[in-house]
Structures are given as C-alpha cells and as structure tokens.
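Encoded as structure tokens, the structure appears first; notes follow it.
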Amino acid sequence: MFKLDSIRKAQTNEKHLPPAVKILQPQPAVKKASSGTGHPTIHTKKENQQEKILNRFLSYVKIESQSVDVPDFEAFPMTEGQKKMSTFLADEIKSFGGKNVEVTVSKDFYVYVKIPSNLSATQSKTIPNLFFTAHLDVTPEAPGKGIHPIVHSNYQGGELTLSPGIVLSPSSPTGARLNELKGKTIVTSDGTTLLGADDKAGCTILVTLIEELINNPRIKHPALYFMFSQNEDIGRAAYRYDPTIFGTSPDIVIDVDGGEPGVFSAENFTAAGQTFYFKGNKAHPGDGFKNQYADALTAAAYFMGSIPPSVHPSASSGKQGYLHCYACEHPVDASGKTIDEDYITKYRIRYFDQQEGDSLRAYLYNAYQKTCKAFPFVKIAPSEEVKQYDNIAYTMYKHTPEIIQKAALKEDILMTPKSERGGTTSSMLVTTGALPGGPCIYSGQQAAHSCLEWCCIEDLALMVQVLKNIINETLQYEKP
C-alpha cells in the first residue's frame with residue numbers, strides 16, 4: 001500500500017505563483033497555527049520544499065509544450081513550446097551552480113545534466129552509476145492550449161469542481177486516488193485542457209532532486225546522469241538521444257514517468273509500428289474491370305477485416321500482445337494536399353514474447369498477401385517495420401528492482417514490480433543500444449492524456465525522497 005500519512009500538507013504562498021493560476025481554499029478557511037507570540041509558526045523544511053515543488057510544477061505546466069504527431073515515423077517535429085520548455089528548464093538547473101555540474105541542451109532540445117561522483121576514486125570505479133530520465137513534451141491526444149492550473153489547497157474530500165459542469169470525483173476511476181489524499185494539495189486544470197503532469201511532474205521531481213544534491217554536497221553519490229527528452233508522447237524519445245554527451249553507458253536507468261503509485265515496471269511490451277499504403281485510382285464503377293478500377297477504400301477495409309478479432313486490443317490482457325489498426329486515412333502529397341483516391345492504414349504491434357511477435361507479424365503478412373490477390377488493381381506497399389520501444393527486462397541491471405523496493409520501504413512504501421502494457425522513455429532508449437533497460441516509477445501524474453489530469457504535490461515531494469534513497473541504496477552494490 002502506498003502511504004503518504006507522514007507528509008504534512010503544503011502551505012500555499014500565492015504571491016510566488018505564476019500568473020493565471022487559480023487558488024482554491026476550503027471553506028471555512030483553516031487557520032494557521034500560531035507560535036503563541038502573535039506570529040505565524042515557521043514552516044518546516046518539508047513544507048518549504050513542497051511549496052517550492054508546487055511553484056516549480058506550475059511554472060512548467062504553464063509552458064505549452066505539446067508534441068505533434070506526423071505520419072512519417074522517422075520525422076522528429078519540434079514545436080516552439082517544446083523549445084521553450086527545454087531552455088527554461090536548462091536555465092533553471094544552471095542557476096543552481098554546483099561544482100563541475102554539466103548542463104547541455106542538444107540541437108534537438110534534449111537537456112542533459114551530469115553530476116560527477118563525490119565518492120573516492122576506488123568507490124567510483126566499483127559502484128554503479130545512475131541515469132534518471134523524464135520527458136519535456138506533453139501528449140497531443142488532448143487539448144493543450146491555454147492551460148489554466150487550479151491549486152486545491154487542503155483538499156477536504158468530495159468532488160472538485162474544475163469548471164461549470166466539469167468535476168473530478170473520487171468515486172470515478174480517474175479520481176479514485178483522491179480518497180487517500182484528504183488534507184493534501186491537489187493540482188488540476190480547469191477541465192478544458194490537459195494539465196501536463198505527464199511528464200512535467202517527473203521533470204519537477206528530477207529538477208528538485210538535482211537542486212538538493214547540488215545544495216547538499218554531503219549526500220554521497222556515484223556519477224549521476226539526467227536526461228530530459230522530447231517527443232516521448234509520440235513514441236520518439238529515443239530518436240535523438242546522443243550518448244556522446246555523457247560519453248559512457250550508465251549502469252542503472254530509472255524512468256520517472258509512472259502514473260500508478262506503489263508499483264514500478266519490471267518489463268513492458270516490445271512495440272513496433274507499420275503502415276500499409278493502398279494506391280487507388282478514379283474510375284467509373286460501371287466499367288470497373290475494363291478500366292482496372294483500383295478501389296483503395298474497399299481494399300483497405302478488406303485488409304483490416306482479414307486480421308482476426310482474437311488479436312485485437314479488446315481481446316488482450318495480462319501478457320498477451322495485440323495488433324491494432326489505429327488509423328485509416330488519406331495520405332497527403334508534398335504540398336499538403338489530400339490524395340483522395342489513396343488510403344494508409346497504420347498498425348501497432350505489441351508483445352512481451354518474441355514468438356508471439358512473430359505470430360502477429362504473420363497475421364499482417366497473410367492479410368497483405370490475401371488482399372493483393374483479392375484486389376489486383378490496387379497497389380499495396382507495406383512500410384518497413386519501425387521498432388518504437390523494447391522490453392526493458394532483457395538488459396536491466398539485475399539488482400534494480402530490489403534497490404527500488406528497499407529505497408521505498410524507508411518511506412513506508414511497499415513497491416511491487418509489474419508487467420507494463422505500454423512503453424516508457426526507458427523502453428524507447430533501449431532500442432538505441434546505448435542504454436540498458438530501466439524501470440518506470442511513479443511521478444505523481446494521474447489521469448494522463450485527459451482533461452481530468454491531476455497530481456498531488458505531496459506525492460511529488462515523497463518521490464524526491466525515494467529517489468534520494470535509491471541513490472543511497474546503490475552505494476551497497478557493485479557495477480555489473
């Protein structure tokens with residue numbers, strides 16, 4: 001069970017918040033404790049940290065950094081908001097100072113941070129180093145323009161009204177965790193856009209961790225590497241990772257992008273994508289055979305119908321894989337004009353077991369062969385399969401799960417490994433061969449990819465401490 005009872009509620013200081021942030025206080029207002037001298041009680045160190053985390057998180061979500069998906073799997077689009085988010089975060093980290101701390105913004109607007117080991121030369125050679133990652137972009141799958149965060153201080157239970165007619169309810173799946181968070185600080189959007197907690201909550205945790213390590217050099221640690229990626233939410237975080245910036249292959253990788261407290265991913269789907277192009281022509285159907293009518297729409301529909309329902313996502317659970325046609329659409333030419341007579345189908349291929357992956361590919365190949373025979377006038381061109389991410393379990397440092405579990409137990413958290421039916425930044429990076437697999441742990445985000453997205457500030461503060469514990473636990477282990 002994930003516990004937060006030991007964390008005191010954050011005390012919100014409105015004057016430090018970014019503009020356009022709405023602060024909601026419970027009614028009647030809760031009085032602040034007094035020291036007996038007529039002055040307010042001085043905030044504890046933990047409360048000050050939570051206030052800093054809140055302000056940092058709000059400054060991030062106010063930057064519109066949605067990624068933009070495009071049909072070309074090899075493309076790497078970059079919006080001005082993504083560039084702004086990268087620069088803002090890098091400048092903030094640079095402002096912390098720190099001896100020999102290196103902050104680099106790549107040409108693709110990834111942010112890399114290296115904190116050298118402060119251990120002895122002998123320890124630095126034998127103790128595993130760590131690599132932490134989060135992503136700067138937010139999903140294009142929900143509205144992300146004009147985000148107006150709302151801070152619900154000292155949450156007292158019940159529904160949270162985001163806008164007229166829009167509520168976040170603890171009785172709904174998206175708000176169920178609210179039942180455990182009475183007295184905490186909850187941040188939502190106004191319900192008309194996403195919030196961006198995926199993964200600006202993870203970014204907030206890691207930047208706070210970096211700041212605390214720099215400000216507290218007495219905290220012993222091996223070499224630490226941090227990478228803030230782009231285009232994770234369109235499946236391309238690994239595309240522009242540059243291993244030459246760090247000049248080494250890290251030993252332990254931790255991805256801070258999870259949405260489920262109390263668990264971490266120990267394995268995940270291998271994911272690939274493939275498209276099929278159906279080239280048609282315009283002809284009168286009355287003379288279809290004579291004019292070699294290429295009916296691309298019907299051919300595409302026949303192709304999709306040739307994939308058995310038993311491998312559809314709706315029939316898949318646990319560690320079963322699936323094939324998913326998630327789009328059937330007209331392509332566009334170089335000028336951006338729609339090609340009405342042609343169609344493209346886009347497929348997701350997902351599996352844990354390599355043998356099952358081969359079986360899923362066989363279904364696609366058989367459907368292709370069958371459709372070519374049934375519609376000889378339609379030219380069908382399959383793309384090369386593009387691997388989007390790989391199973392982290394194959395290359396993960398073997399002691400990583402126990403390190404995480406020991407670190408969490410120090411905060412009275414029981415964390416359990418799970419099989420992730422999806423991908424993470426770490427799983428994408430594995431495909432490059434430059435990094436070992438690494439688990440994805442909780443970042444505080446809830447109801448990601450939706451307008452009801454939210455997070456709890458105390459969760460973020462707690463995960464900062466868990467990561468510090470992970471660093472400390474690593475000191476007891478040897479390099480692989």
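Hydrogens, waters and symmetry mates play no part in the numbers below; they use all other heavy atoms, side chains included. Since this is a predicted model, take the numbers as computed values, not measurements. For the single chain, residues carry numbers from 1 onward in sequence order.
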Checklist entry - So, do C440 and F264 sit near enough that their side-chain heavy atoms are less than 4.5 Å apart? => result no

Checklist entry - Is it true that a side-chain atom of D137 and a backbone atom of D233 form a donor plus acceptor pair closer than 3.5 Å? => result yes

Checklist entry - So, for Y112 and Y225, is the gap between ring centers shorter than 6.0 Å? => result no

Next on the checklist: Between R350 (side chain only) and Q320 (backbone N and O only), is there a donor and an acceptor less than 3.5 Å apart?
Outcome noted: no

Checklist outcome for this item: Checking E473, E211, E212 against K468 for salt bridge (Lys or Arg N to Asp or Glu O under 4.0 Å), the one that qualifies is E212

Item to check | Check: H324 ring centre within less than 6.0 Å of Y347 ring centre | outcome: no

Item to check | Shortest non-hydrogen contact between E64 and G146, atoms and distance | outcome: OE2-N, 2.5 Å

Next on the checklist: Tell me if the aromatic rings of Y368 and F303 count as close, with their centers under 6.0 Å from one another.
Outcome noted: no

Checklist entry - Who pairs with N100 by side-chain contact (heavy atoms from CB on, under 4.5 Å), at least two apart in sequence or on another chain? => result P116

Checklist entry - How about F269 and Y322: are their ring centres within less than 6.0 Å of each other? => result yes

Item to check | Heavy atoms from other residues, nucleotides or ligands near NZ of K379 exceed 12 (cutoff 6.0 Å) | outcome: no

Checklist entry - Counting only N and O atoms by type, is there a donor-acceptor contact under 3.5 Å from the side chain of S426 to the main-chain atoms of G437? => result no

Next on the checklist: For Y239 and N231, which I'm curious about, is there any donor-acceptor pair between the side chains at under 3.5 Å?
Outcome noted: no

Checklist entry - So, the side chain of R421 versus the backbone of G318: is there a donor-acceptor pair under 3.5 Å, distance only? => result yes

Checklist entry - Can you tell me if OH on Y365 sees more than 12 non-hydrogen neighbours from other groups inside 6.0 Å? => result no

Next on the checklist: Among T431, N391, D390, which residue satisfies the side chain to side chain donor-acceptor pair (under 3.5 Å) criterion with T270?
Outcome noted: D390

Next on the checklist: Check this for me: K52, atom NZ, are more than 12 non-hydrogen atoms of other residues, nucleotides or ligands nearer than 6.0 Å?
Outcome noted: no

Checklist outcome for this item: From the list D91, D108, L136, side-chain contact (heavy atoms from CB on, under 4.5 Å) partner of S86 resolves to L136

Checklist entry - Does any non-hydrogen side-chain atom of F109 lie less than 4.5 Å from one of Q82? => result no

Item to check | Donor-acceptor side-chain pairing of T208 and R56 below 3.5 angstrom | outcome: yes

